[in-house]
Amino acid sequence: MSLLQMHYTSAPPGPDGAGFRFTAVSPGVPHAVLREAEQLVGYEPPRDAPARPSDAELGLFPEMFGFTRLSDGSGLLSRTVYTGADYSGRWGNFHAHAVLVPAGEPLPDDLPPIALWGAAEWADRSPEGGPPPPLDRLTPGLPDGLGPTLTAFAAAAGPRLAVLLADLRRLAEDPQAPQVVLAEPDTRDVVHWLIVACAALPRDVARDLTFTTYTRRPQHARQQVVGVRPEDARTVAGQPHRYAVHDRADGSAGPPATDDVWALTAAAVWAAGANPLFQRVRRLPGAGPFAAGPLAALALTEDVPVPAGAVAEAARWATAHPRALDEAALETFLRAVCDEDRPGALDPDALAALLAAFRDTVPLAVTAPVTARLLAAAVRDPAAAPPALPPGALPEPYRDRLAGDLGEPVRAGLATPATPHRRTAGLLRTARTLGVEHADLLPGLAERLCRQVLDPAGADPDAVREVLAASDPLRQRLLDLLETRAADHPEAVAAALRGARLPLDGPGDRPHLRLCAAAEPVGSGTANRTAVLGELLRRAGLDGGPGSPLVLRTAMGLVWPDRTPTAAEASSLLTRGAALHQAAGTWNDLVSAAVDAPASDADAPLLARLLLAEGVEALGRAAVGDLKLLSLVQALQHPDGDPTVPHGNLVHRVQALSQGARPAVQKRAAHALALLLLRPTRPAGEVRALAESNDPSLIDAYDKAARSPVLTDFLTAPHRVADCYLVWTSHQGVGPVWELTRTALLDEVLRPVVRRLPEDQLRAAADVLARTAPGRRAGFEEWCRPPGAVKQIFRRFAVRRPDRAPEPRWGDVRPPRDEGR
């Protein structure tokens, strides 16, 4: 690189005249540059400077060092010092040495201009021997020990440095921003300000920053930063739209302040003596101009106390660049942002985003500080659910510390009934991770969960499952409680399990719970629920049978929630053994299926017989009477296959067994007896026994059966007419109830039928009477004669109706067993 030199001072008369002029210039410097430079390098001593300074006093005069961008885009780097006397011995001379930096080119080594303040190449007098050659470079030559001095200077500057940096940032981003004026009695302090500032500024900004360390007339200065003595700062004071004045000696100014996070962070870095970070930050990704995030992140890795807003900026940058820091630096950084005592400590949401950025990219031990902070924050927040932690997320030191800090809050949350389920799940996970003892709290928690699971309007099933997934001991306790409930209230547990969908695997045999889990709602229209019972046992893994009596009771409670199997179903269930049902407490359900069966249930009598066959000692006294009466109904309905019927005494047996029996069973037995006595093949003597019994209930049942459509339809058969006439005209005067009933049946049932019968059918009925009861034919014919008739009683039936089919005989068709019940 070629830096053209220029020397300007007071010179003796010569071809170019006397006075101040360029006394030595490298060839090639344009005249326009010389004319413009001449306006920039002139020196005016301070007002209080001595008129005739000694050599010692000369060293105290301000040094004017500056960098200015010229009109053609080139840069003028100059140093002007006061020399005291000119060639003639007059006072007031100065010497300016300047170099021209070509437009668009940086200084050697890409240094900022302020770095060349103490370069060895600066001269205090013009060279002899003709025009000076261009310089290849300027050698930085800052005084020894300046580093600690700058650190102390920055620390002493406090917030003033941050405000200065903020003003310089404004200048870099807006050319119309106010000029920065630095008022210092000693120009070396202005240099310190500039060195400190340029170290923090972005490289391009520092390289292009124009400045002068001293001028008497700041209002005429062209540079961005202007150094003045305090007394000269007054000329630009009070014009904040044009000048940002920084005067440490001005007691009237308010305390400096800025909200520029980058400026505050950079000042903190300088104050901590960590200025090498400014070089390191430029190598980081995302370190754009004035980016506070990467600088704050590096500062936190060095334990630099950054301002509050910088922590969030650092976290955002680290989240966007998770691989920018090595593991050691990252762990230090994460530990710093989690420090709750640090101003601007991150909130849990920001920490969670930060942790998510590093998931699966660095070892868990590196992110342990964030994990621990998030866990502690969640435990202490009553509305939060502590997160699930993967194995190894918290190394031993963190676990031990957190267990001591969080043990009581964890236990308190688990013991509080109002704790939300998702928080409960998180607390259980935390207790397991940290080793917090909580086994004594599980019974109460399991009981609360059990009540909520069984409550139709209870907790969210997903939340309950999350709680159970967090603690297998809790889940096993809950399943044990549900197993106990399932044995007593299977339908409620089954309904709860259908909604909750709880995981039922694990140690221990819980057949009641398995049955409830396998059960499906049984509709009221299910035809044969014994098949449903078998399928339920199979789905529950009980293919070999229920085994335990209590398990059978649970299974039956699920299939028959109303505990009322039909008689046919009860007969099938009885095949499992009376002893099993008696032990299960379902024996009474089978008995009820028989004695409480509706009259239309034709299987109830057979069930009663099966139950009696198991032994009356297993039956209650009241149930024995009902079942015996029902068993007799079976015999009455099937007399041909029952050896007890021919022995007679049916009426008396029905009467005897009806004592204390249920009214419905009594009514069913009376109806069965009536149907039997209305048969032509009825047991001998039973009608007379009925008449003699004078039993209103039995005779009334006989009357109702005789009036039923089943019998009246068959009365058109001659043999049935003859049989009914013979029975209903017999046993006259035996009992008043029978007497009223038989005469009513003759008049109201038989006579209307007879009057509609044709002559041949009546004659056939008379023939039947002649064979069975020869002495009753004449009475029958007389009874059949219409009142007041003068002709033959059968005249109106002389012509047989052609459209009437032959009537069936009573013995040919058996009425349905449930007809009229």
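All values derive from a computational prediction rather than experimental measurement. Sequential numbering from 1 along the given sequence is applied to the chain's residues.
The two atoms that bring Pro369 and Glu331 nearest to each other are CG-O, 4.3 Å, heavy atoms only. Contact between Leu138 and Leu3 at its shortest, heavy atoms only, is CG-CD1, 4.1 Å. Closest non-hydrogen pair, Arg79 versus Ala123, comes out as NH1-O, 3.9 Å. Closest approach of Glu184 to Trp193, counting heavy atoms only: OE2-NE1, 2.8 Å. Of all heavy-atom pairs spanning Ala154 and Ala271, the tightest one is CB-N, 4.4 Å. The minimum heavy-atom distance between Ala318 and Phe333, with the atom names listed, is CB-CE2, 3.6 Å.
Inspection of the Glu63 and Trp117 side chains reveals an N or O donor paired with an N or O acceptor under 3.5 Å. With 3.5 Å as the limit, one finds no donor-acceptor pair spanning the side chains of Ser26 and Gln5.
Between the side chain of Thr212 and the main chain of Gly66, no donor-acceptor pair closer than 3.5 Å is present. Checked by atom type and distance alone, the side chain of Arg373 pairs as donor or acceptor with a backbone atom of Leu346 at under 3.5 Å. In this structure a side-chain-to-backbone donor-acceptor pair under 3.5 Å is present from His95 to Ser126. Looking only at distances, a side-chain donor or acceptor of Thr371 sits under 3.5 Å from a matching main-chain atom of Thr367. Distance alone, capped at 3.5 Å, is enough to place a donor-acceptor pair between the Gln224 side chain and the Thr210 backbone. With hydrogens and angles ignored, the 3.5 Å screen pairs no side-chain donor or acceptor of His97 with any backbone N or O of Trp122. Although no hydrogens or angles enter the test, the distance criterion places no donor-acceptor pair under 3.5 Å between the side chain of Asp109 and the main chain of Leu111. Thr80 places a side-chain N or O within 3.5 Å of a backbone atom of Val41 that can act as its donor or acceptor partner. Side chain of Glu57 to backbone of Pro50: no donor-acceptor contact under 3.5 angstrom is found. In terms of modelled atom types and a separation under 3.5 Å, the side chain of Gln179 and the main chain of Ala221 share a donor-acceptor contact.
Between Thr235 and Val228, the closest side-chain pair of non-hydrogen atoms is not below 4.5 Å. You'll find the side chain of Thr361 reaches within 4.5 Å of the side chain of Arg323, heavy atoms only. A heavy-atom distance below 4.5 Å is not found between the side chains of Phe65 and Pro113. Annotation: side chain of Phe20 is in contact with side chain of Ser10 (closest heavy-atom distance under 4.5 Å). Contact of the Thr265 side chain with the Trp262 side chain is not registered, since no non-hydrogen atoms from C-beta on lie closer than 4.5 Å. No side-chain heavy atom of Pro289 sits less than 4.5 Å from a side-chain heavy atom of Val205. Contact of the Val29 side chain with the Leu34 side chain is registered, since non-hydrogen atoms from C-beta on lie closer than 4.5 Å. Side-chain contact between Thr139 and Glu121: present, with at least one pair of heavy atoms (C-beta onward) separated by less than 4.5 Å.
For the pair Glu44 and Arg217, the salt-bridge criterion is met [side-chain N within less than 4.0 Å of a carboxylate O]. A salt bridge links Arg316 to Glu313: one of the charged nitrogens lies within less than 4.0 Å of a carboxylate oxygen. With respect to the salt-bridge test (charged N to carboxylate O, under 4.0 angstrom), the residues Asp208 and Arg69 qualify. Under the 4.0 Å criterion applied to side-chain N and carboxylate O atoms, Asp303 and Arg342 are assigned as salt-bridge partners.
Taking the six-membered ring for Trp and the full ring otherwise, the centers of Tyr82 and Phe94 sit at least 6.0 Å from each other. Annotation: Phe153 is not in aromatic contact with Trp270 [ring centroid separation under 6.0 Å not met].
Taking OH from Tyr214 and CG from Asp232, the interatomic distance works out to 6.0 Å, rounded to the nearest 0.5 Å. We find the OG1-CG distance between Thr332 and Leu300 to be 10.0 Å, quoted to the nearest 0.5 Å. Note that OG of Ser2 is 9.0 Å distant from CD of Glu105, once rounded to the nearest 0.5 Å.
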Residue pair Thr9, His7: steps toward the side chain to side chain contact (heavy atoms under 4.5 Å, CB included) verdict: CA-CA 7 Å; Thr9 187; His7 292 266; over 6 Å; no
Steps toward side chain to side chain contact (heavy atoms under 4.5 Å, CB included) verdict (His321, Leu284): CA-CA 9 Å; His321 304 87; Leu284 293 179; over 6 Å; no
Worked check of side chain to side chain contact (heavy atoms under 4.5 Å, CB included) between Asp405 and Arg380: CA-CA 10 Å; Asp405 294 343; Arg380 294 190 177 107; 4.0 Å; yes
From CA spacing to verdict: side chain to side chain contact (heavy atoms under 4.5 Å, CB included), Glu302, Arg280: CA-CA 12 Å; Glu302 300 293 333; Arg280 289 171 52 191; 3.2 Å; yes
Criterion salt bridge (Lys or Arg N to Asp or Glu O under 4.0 Å) on Arg35 and Glu38, from CA distance to verdict: CA-CA 5 Å; Arg35 287 195 300 273; Glu38 187 175 16; over 6 Å; no
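Remark: Glu128 CD is loosely packed, at most 12 non-hydrogen atoms of other residues, nucleotides or ligands lying under 6.0 Å away. Counting non-hydrogen atoms of neighbouring residues, nucleotides and ligands closer than 6.0 angstrom, the CZ atom of Arg242 reaches no more than 12 such neighbours. In His31, the NE2 atom is not crowded: 12 or fewer heavy atoms of neighbouring residues, nucleotides or ligands sit closer than 6.0 Å. For Asp55, the CG atom sits in a loose shell: 12 or fewer heavy atoms of surrounding residues, nucleotides or ligands are nearer than 6.0 Å. More than 12 non-hydrogen atoms from other residues, nucleotides or ligands lie less than 6.0 angstrom from CZ of Arg335.
A side-chain hydrogen bond (donor to acceptor under 3.5 Å, both in side chains) with Arg229 is found for exactly one of Thr187, Asp48, Thr215, namely Asp48.
Aromatic ring orientation, Phe67 versus Phe211: tilted (interplanar angle from 30° to 60°).
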